[in-house]
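The residues of the chain are indexed from 1 along the displayed sequence. Atoms within a ligand are numbered from 1 in the order they appear, just like the ligands themselves. The structure presented is a predicted model; accordingly, all values stated were derived computationally and were not measured.
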Amino acid sequence: MKNISVVGSGTMGNGIAHTFAQFGYQVSLVDISDNVLSKAIETIDKNLDRQVTKGVLSKAEKAATLANITVFTDLGQGVANADLVVEAASENLDLKLKLFKDLDALTRPGTILASNTSSISITRIAGITQRGDKVIGMHFMNPVPVMKLVEVIRGYDTSDETAAAITDLSEKLGKYPVEVNDYPGFVANRILMPMINEAIYTLYEGVAGVREIDGVMKLGMAHPMGPLQLADFIGLDVCLAILKVLHEGFGNPKYAPCPLLVNMVSAGNKGVKSGEGFYSYTAGSTEATVSRKFTGKL
Ligand code: NAD
């Protein structure tokens with residue numbers, strides 16, 4: 001595999017494009033507008049600078065990485081030469097079904113179609129295509145250039161060859177692939193999201209404040225980041241979407257999203273990407289402060 005198309009250039013898509021480009025792959029990065037794509041390239045540039053400062057990459061390697069990325073707003077042009085497409089568009093079933101139907105028509109028959117979805121059924125996505133054997137989950141973690149795990153999700157019809165190709169490719173990116181089967185939330189989010197939801201319930205019921213809840217999990221359980229701040233980093237809208245998939249997929253009330261999370265997303269508070277979640281994030285500041293919505297309540 002040489003030519004990789006990444007569809008969606010948000011939090012995950014720009015990290016996935018960055019990582020493939022860093023390891024010498026030719027990357028076509030596709031999104032819906034030039035404006036969104038310019039922001040993605042700015043983010044990649046900034047993250048590459050951080051790697052240069054840390055001594056992970058040289059300046060020449062940074063330049064080579066950027067040169068390996070071409071941007072497209074036209075899906076057909078962006079995937080025409082792809083050996084692999086990694087879809088990292090918004091976590092929405094209808095959007096992904098539409099995209100995979102189009103990708104099936106626009107790519108060569110041998111192209112593997114992977115989704116970075118956090119929770120949507122790979123089998124359901126594969127069902128809209130004529131190549132279920134070549135559809136697979138390739139679930140990177142945020143931030144992609146740093147995090148080592150790739151959850152490789154086998155849909156009902158995913159072939160051994162496709163799974164082996166994605167496992168091998170993940171290793172070539174210096175990642176640790178872990179193969180799992182296609183059930184709601186797979187492994188990562190089936191375990192992580194109930195913990196985040198419970199942390200939100202703990203806040204909602206007034207058991208403790210934001211700093212206290214995150215402090216318990218950081219200092220007591222050795223988590224590098226508390227669950228509320230992690231939710232802000234993942235995106236509260238993404239967390240809500242995943243919880244809905246778990247709730248609907250298993251039909252078990254234990255996965256019902258906390259009403260506070262629902263309200264925050266309805267109000268447009270999505271965490272880091274909107275500047276406000278459980279914490280407030282001012283551009284340029286390294287320290288997150290507890291959102292004024294959650295101060296002085298206890
Ligand atoms: P995001 O909202 O940051 O970015 C989504 C991008 O998709 C946006 O730039 C949007 O313009 C683009 N998009 C929407 N429709 C499109 C279309 N038709 N064609 C091309 N691009 C389109 O979302 P994200 O957090 O990067 O999540 C992307 C995917 O990755 C989701 O499936 C999500 O579940 C998954 N994921 C997210 C995380 C995380 O921590 N945020 C971690 C792992 C996996």
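When non-hydrogen atoms are compared, ligand 1 lies under 4.0 Å from the side chain of Leu95 (C-beta onward) but not from its backbone. Within the 4.0 Å heavy-atom criterion, the part of Asn142 lying near ligand 1 is the side chain and not the backbone. For Phe233, no heavy-atom contact with ligand 1 is shorter than 4.0 Å. Contacts with ligand 1 closer than 4.0 Å are made by no heavy atom of Met141, backbone or side chain.
Side-chain atoms of Ser5 come within 3.5 Å of backbone atoms of Gly78 as a donor-acceptor pair (strictly under, hydrogens ignored). No donor-acceptor pair under 3.5 Å is formed between the side chain of Asn269 and the backbone N or O of Gly277. For Asp157 (side chain) and Asp133 (main-chain N/O), no donor-acceptor pair under 3.5 Å exists by modelled atom type. In this structure a side-chain-to-backbone donor-acceptor pair under 3.5 Å is missing from Glu276 to Ser291. Although no hydrogens or angles enter the test, the distance criterion places no donor-acceptor pair under 3.5 Å between the side chain of Asn68 and the main chain of Val27. Looking at Thr158, its side chain never comes within 3.5 Å of a backbone N or O of Arg154 through a donor-acceptor pair. The backbone N or O of Val144 sits less than 3.5 Å from a side-chain atom of Lys175, completing a donor-acceptor pair. For the pair Thr167 (side chain) and Ala163 (backbone), a donor-acceptor distance under 3.5 Å is present.
Among protein heavy atoms, the minimum distance from atom 34 (O) of ligand 1 is reached at Ser118 OG, 2.6 Å. Scanning the protein for heavy atoms near atom 32 (O) of ligand 1, the closest one is Glu91 OE1, 2.5 Å. Here the heavy atom of the protein found nearest to atom 19 (N) of ligand 1 is Ile32 CG2, 3.9 Å. Here the heavy atom of the protein found nearest to atom 4 (O) of ligand 1 is Gly10 CA, 3.3 Å. In terms of protein heavy atoms, atom 2 (O) of ligand 1 is closest to Lys273 NZ, 3.7 Å. Considering only non-hydrogen protein atoms, atom 37 (C) of ligand 1 sits nearest to Met12 CG, 3.3 Å. Annotation: atom 41 (N) of ligand 1 to nearest protein heavy atom, Ile234 O, 3.0 Å.
A salt bridge is defined here as a Lys NZ or Arg NE, NH1 or NH2 lying under 4.0 Å from an Asp or Glu carboxylate O, and Lys98 with Asp94 fails to meet this definition.
Every atom of ligand 1 with a heavy atom of Val36 under 4.0 Å away is listed here by number and element: 9 (O). Residue contact check: Ser90 has heavy atoms under 4.0 Å from atoms 5 (C), 7 (O), 14 (C) of ligand 1. Below 4.0 Å from some heavy atom of Phe140 lie the following atoms of ligand 1, by number and element: 43 (C). Heavy-atom proximity to Thr11, at under 4.0 Å, picks out these atoms of ligand 1: 3 (O), 25 (O), 26 (O). The atoms of ligand 1 that sit less than 4.0 Å from any heavy atom of Val7 are 20 (C). For ligand 1 and Gly8, the ligand atoms under 4.0 Å from any heavy atom of the residue are 7 (O), 21 (N). Close approach of ligand 1 to His139 is summarised as follows: ligand atoms under 4.0 Å from at least one heavy atom of the residue are 43 (C), 44 (C).
In this structure, Glu87 has no heavy atom closer than 4.0 Å to ligand 1. Put simply, no part of Gly235 is less than 4.0 Å from ligand 1, judged by heavy atoms. Contact annotation: Lys96 has at least one heavy atom less than 4.0 Å from an atom of ligand 1.
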For Thr123 and Asp182, what are the C-alpha separation, side-chain angles and deciding distance, and is it a side-chain hydrogen bond (donor to acceptor under 3.5 Å, both in side chains)? CA-CA 7 Å; Thr123 305; Asp182 181 25; 2.5 Å; yes

The test is side-chain hydrogen bond (donor to acceptor under 3.5 Å, both in side chains); show your working for Arg124 and Thr117 and say whether it passes. CA-CA 12 Å; Arg124 183 123 184 234; Thr117 178; over 6 Å; no

Evaluate the side-chain hydrogen bond (donor to acceptor under 3.5 Å, both in side chains) criterion for residues Thr65 and Gln22: first the C-alpha distance (whole Å), next the side-chain angles of each, then the deciding distance (0.1 Å), finally the verdict. CA-CA 5 Å; Thr65 300; Gln22 184 186 328; 5.7 Å; no

Gln229 vs His223, test: side-chain hydrogen bond (donor to acceptor under 3.5 Å, both in side chains). Steps then yes/no. CA-CA 11 Å; Gln229 191 167 15; His223 289 197; over 6 Å; no

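Selection from Ala241, Ala89, Ala88, Pro143 by nearest heavy atom to atom 31 (C) of ligand 1 gives Ala89. Residue Asp31 holds the heavy atom nearest to atom 8 (C) of ligand 1 of all those in Thr117, Asp237, Asp31. When Asn116, Leu99, Val238 are checked for heavy-atom proximity to atom 35 (C) of ligand 1, Asn116 turns out nearest.
In summary, the side chains of Thr129 and Asp104 do not present any donor paired with an acceptor at a separation below 3.5 Å, with no hydrogens or angles considered.
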